[in-house]
Every structure is written in C-alpha cells, then in structure tokens.
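Whatever order the structure lists ligands and atoms in, that order sets their numbers, starting from 1. Position 1 is the first residue of the sequence; numbering continues from there.
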Amino acid sequence: MSPRRQDDSFEQLVEALLADEQYQGHPLREALALLWQHTREQLVRLERVTHISDRYQNVAQEQARSMAERYHRQLRQIEKITRISDRYQGMLQDLNNALKEASTHDALTGLPNRRLLTECMKQEDGRGGDYALAVIDADRFKRVNDDHGHETGDRVLVALARTLKEGLREGDMCGRWGGEEFLALLPGIDAAVAAGVAERLLAGVRRLRVAVDGVELPITVSIGLARRRDGEGYHETLLRADAALLEAKRAGRDRCYVAGDGA
Ligand SMILES: Nc1nc2c(ncn2[C@@H]2O[C@H](COP(=O)(O)OP(=O)(O)OP(=O)(O)O)[C@@H](O)[C@H]2O)c(=O)[nH]1
C-alpha cells in the first residue's frame, strides 16, 4: 500500500472512530479527538513551512541564475571592449607609423625627406664622421614639365629616385632635398671613391628612359660633390657641394664636379 493511501485509510479510521456513537463520552475518544486535532494543526503548519521553504529555494535559484547571467553578460562586454581596445591600439600604431613615415619621407618618391637627411647629417657631424655629400639636380627639368605636363614630371622624379637609390652602396642614403633636387649622404668614403659613385649615378640616369606618349624621354642630372673637411658642419659641406653643382651646370650639365678642399 502506498504511503498516501496509508495516510488516507488512517485518517478515515480515526474520523470513523470519532464519529462512532458508541464511543461518545469514552475518555479515550476525548484524548483521540485532541490528538487528532493537534496532528492536523501540525500538518497544516508543516505544509506552510514546506511551501515557504520551496518558495525561498526558488527565489535563491532564480537569484543565482540571474547573477550568473549578469556575470556572463558582463564578461562578454569586457571581451568586446578588449577587442575594440586592441583594434583601436592597432589603428593608433598604424597611424603613428604613417605619421612617422610622412614626417621623415617624401610622399612622391618614398625617399627620405629633407628633415631626415638633415637629422642624419647632424648625427654624422656629432660623431665627427667622415662623409661626402652629393647634390644631384635634374637637368632642364622645367622643360619636362612645360613640354609633357606636371604629371609626367612627377613620373620622371619617381623613376629618377629609384635609379639613384639603386646606384648607391649599402649604408649610403639618398633623399629628396626639394623640388627636382636630391641629396646623397655617403659616409666613410674618400674623394676618389665618392667621385666613382657619382660617375656611376650619372651613367645610371643616362640609361634611364621614361615613356611619354610612345616616346622615350632621356633624362640627365648634374652632380656637385664635396667631402666633409675636418671640423666642418654639414651646411658648410653642403654649400661647397652646391657651388660644385653650379659649376657642373655651367660646364654643360650631365656631369659631376668635385669641390676642391679649398673651395
Ligand atoms: N613635376 C614636378 N615638377 C617639379 C617638382 N618640384 C619642382 N619641380 C619643377 O622643377 C623645375 C625646376 O626648374 P629650374 O629650377 O628652372 O631648373 P631646370 O629647368 O631643371 O634647369 P637646370 O637646373 O638649370 O638644368 C620647375 O619647373 C619646378 O616647377 C615636382 O615635385 N614635380
């Protein structure tokens, strides 16, 4: 017999006993009635306590669940913020690199710009470095612009920059000094080697051809070369190289002039 049915039959038995006429006035009946009354009250109380306990457990479970959900939601938000922050930092880094590149390199040719060249020459001066400077200037470049347009002029400058860079040794530096003028910084070099490098650059540019409207445009440059003298600052060496360049131009262009030590 199931416990529930047992309870039911016990209850029916007690009820029947209490209702039976023949036990009216019997002292045990009074005791049974009191006991039965007490038992029923206890049962009601027990049910109420069980009900409260169930509700409390439900509330506790509900709270635990919502706390776990909140925790996971916040975790997901933190992960998202971390991803955004990583991306943002990456973008900042890229931007930083781009700014650095823009501040030190020429946008058209990609070569080091005047600022970076100046910085490097100052550093060489600072350590008393032995170097030569070659000022390289495109010949009759105005004509290229006038005859073929500024865009063609730009293409020529880009091709020229590549050719000059390819003609230099490892450790040399070629940058765009401004306009159609380039500057090569040749560290640790003696006069004869520097002149050889300049001749190689001239020859490389002579071989260069830039195609314009089906025609191959010849390009030449003139070079002024000066070797740093003891105790000299880069701007003085540069002035001597500029003077040598002027001589090369006057002498007919497409050549290199070397500044004498006394120049
Ligand atoms: N396309 C283009 N032209 C430039 C740029 N910078 C300077 N130039 C041009 O370069 C030309 C330089 O002309 P000039 O200083 O008269 O010299 P040149 O015609 O080369 O003559 P020489 O130097 O005497 O051989 C000018 O026409 C400038 O406009 C540039 O970034 N792009």
Side-chain angles (χ1 to χ4, degrees), residues 97-121 131-168 172-186 194-227 234-260 263:
N97 292 342
L99 274 178
K100 201 168 166 199
E101 173 78 11
S103 70
T104 53
H105 286 75
D106 169 49
L108 178 67
T109 61
L111 290 183
N113 63 13
R114 193 182 185 109
R115 177 188 292 192
L116 183 54
L117 282 165
T118 305
E119 201 51 48
C120 291
M121 288 189 292
Y131 62 85
L133 295 180
V135 183
I136 306 157
D137 189 278
D139 291 331
R140 305 213 187 283
F141 194 67
K142 188 173 180 313
R143 267 194 215 158
V144 176
N145 276 334
D146 291 349
D147 296 352
H148 306 285
H150 205 267
E151 213 174 294
T152 301
D154 281 357
R155 279 206 292 129
V156 170
L157 288 176
V158 171
L160 204 48
R162 200 174 44 239
T163 305
L164 293 175
K165 200 174 158 198
E166 284 168 4
L168 290 176
D172 292 340
M173 181 187 214
C174 183
R176 189 171 177 202
W177 192 242
E180 82 298 6
E181 197 168 88
F182 298 85
L183 179 67
L185 168 62
L186 315 169
V197 171
E199 287 304 328
R200 202 169 64 230
L201 293 181
L202 286 171
V205 175
R206 270 183 219 123
R207 282 195 299 274
L208 178 66
R209 292 288 180 274
V210 177
V212 185
D213 303 328
V215 181
E216 304 231 293
L217 203 66
I219 317 287
T220 61
V221 292
S222 299
I223 300 179
L225 188 67
R227 195 161 161 265
Y234 76 89
H235 25 316
E236 290 148 288
T237 315
L238 198 54
L239 276 178
R240 291 193 297 109
D242 269 336
L245 171 67
L246 210 62
E247 284 188 55
K249 288 274 181 186
R250 281 201 195 114
R253 299 176 174 79
D254 187 21
R255 68 199 65 207
C256 171
Y257 262 54
V258 183

> Where is the nearest protein heavy atom to atom 14 (P) of ligand 1: which residue, which atom, and how far?
Replying inline: Glu180 OE2, 4.1 Å
> ligand 1 versus Glu151, non-hydrogen atoms closer than 4.0 Å: side chain, backbone, both, neither?
Replying inline: neither
> Taking only heavy atoms of Gly153, which atoms of ligand 1 are found under 4.0 Å from at least one of them?
Replying inline: 1 (N)
> For atom 8 (N) of ligand 1, which protein heavy atom lies nearest, and how many Å away is it?
Replying inline: Asn145 ND2, 4.0 Å
> For ligand 1, which atoms sit closer than 4.0 Å to a heavy atom of Asp137?
Replying inline: 23 (O)
>> Exactly one of Thr163, Leu157, Val156 should register a side chain to side chain contact (heavy atoms under 4.5 Å, CB included) with Ile219. Which one does?
In response: Val156
> Is a donor on one side and an acceptor on the other found under 3.5 Å between the side chain of Ser222 and the backbone of Asp254?
Replying inline: yes
>> If we set the cut-off at 4.0 Å for heavy atoms, which region of Val156 has an atom near ligand 1: side chain, backbone, both, or neither?
In response: neither
> Any idea which part of Asp154 is under 4.0 Å from ligand 1, heavy-atom wise: side chain, backbone, both or neither?
Replying inline: both
> Is there a donor-acceptor pair closer than 3.5 Å between any side-chain N or O of Arg240 and the backbone N or O of Arg227?
Replying inline: yes
>> For the NE2 atom of His235 and the CG atom of Asp242, what is their distance to the nearest 0.5 Å?
In response: 13.0 Å
> Taking atom CD1 of Ile136 and atom CG of Leu164, what is their separation to the nearest 0.5 Å?
Replying inline: 5.0 Å
>> Tell me whether the count of non-hydrogen atoms from other residues, nucleotides or ligands lying under 6.0 Å of CG in Asp213 goes above 12.
In response: no
> With a 4.0 Å heavy-atom cut-off (strictly under), which part of Leu157 contacts ligand 1: side chain, backbone, both or neither?
Replying inline: side chain
>> If we set the cut-off at 4.0 Å for heavy atoms, which region of Ser222 has an atom near ligand 1: side chain, backbone, both, or neither?
In response: neither
>> Heavy-atom count check: over 12 atoms from other residues, nucleotides or ligands less than 6.0 Å from Glu216 CD?
In response: yes
> When only distance counts, is Ala138 in polar contact with ligand 1, meaning an N/O pair under 3.5 Å?
Replying inline: yes
> Within less than 4.0 angstrom of ligand 1, does His148 place any heavy atom?
Replying inline: no
> If you measure from atom 23 (O) of ligand 1 to every heavy atom of Glu181, Arg143, Lys249, Arg140, which option wins on shortest distance?
Replying inline: Lys249
> Which distance, rounded to the nearest 0.5 Å, do you find between the OG1 of Thr152 and the CG of Asp146?
Replying inline: 12.0 Å
> Quick one: nearest non-hydrogen protein atom to atom 20 (O) of ligand 1, plus distance?
Replying inline: Phe141 N, 2.7 Å
> Can you tell me which residue and heavy atom of the protein come closest to atom 7 (C) of ligand 1, and the distance to 0.1 Å?
Replying inline: Gly179 CA, 3.6 Å
>> Which option wins on minimum heavy-atom distance to atom 2 (C) of ligand 1: His150, Arg250, Arg176?
In response: His150
> Looking at atom 19 (O) of ligand 1, what's its closest protein heavy atom, distance included?
Replying inline: Lys142 N, 2.8 Å
>> Taking NZ in Lys249 as the centre, count heavy atoms belonging to other residues, nucleotides or ligands within less than 6.0 Å. Is the count above 12?
In response: yes
> Got a sec, which pairs hit salt bridge (Lys or Arg N to Asp or Glu O under 4.0 Å) with one end in residues 104-121, sequence neighbours left out?
Replying inline: Asp106-Arg176
>> I need the single residue from Val135, Thr118, Asn113 that forms a side chain to side chain contact (heavy atoms under 4.5 Å, CB included) with Trp177. Which is it?
In response: Thr118
> For atom 24 (O) of ligand 1, what's the nearest protein heavy atom and its distance?
Replying inline: Arg253 NH2, 3.0 Å
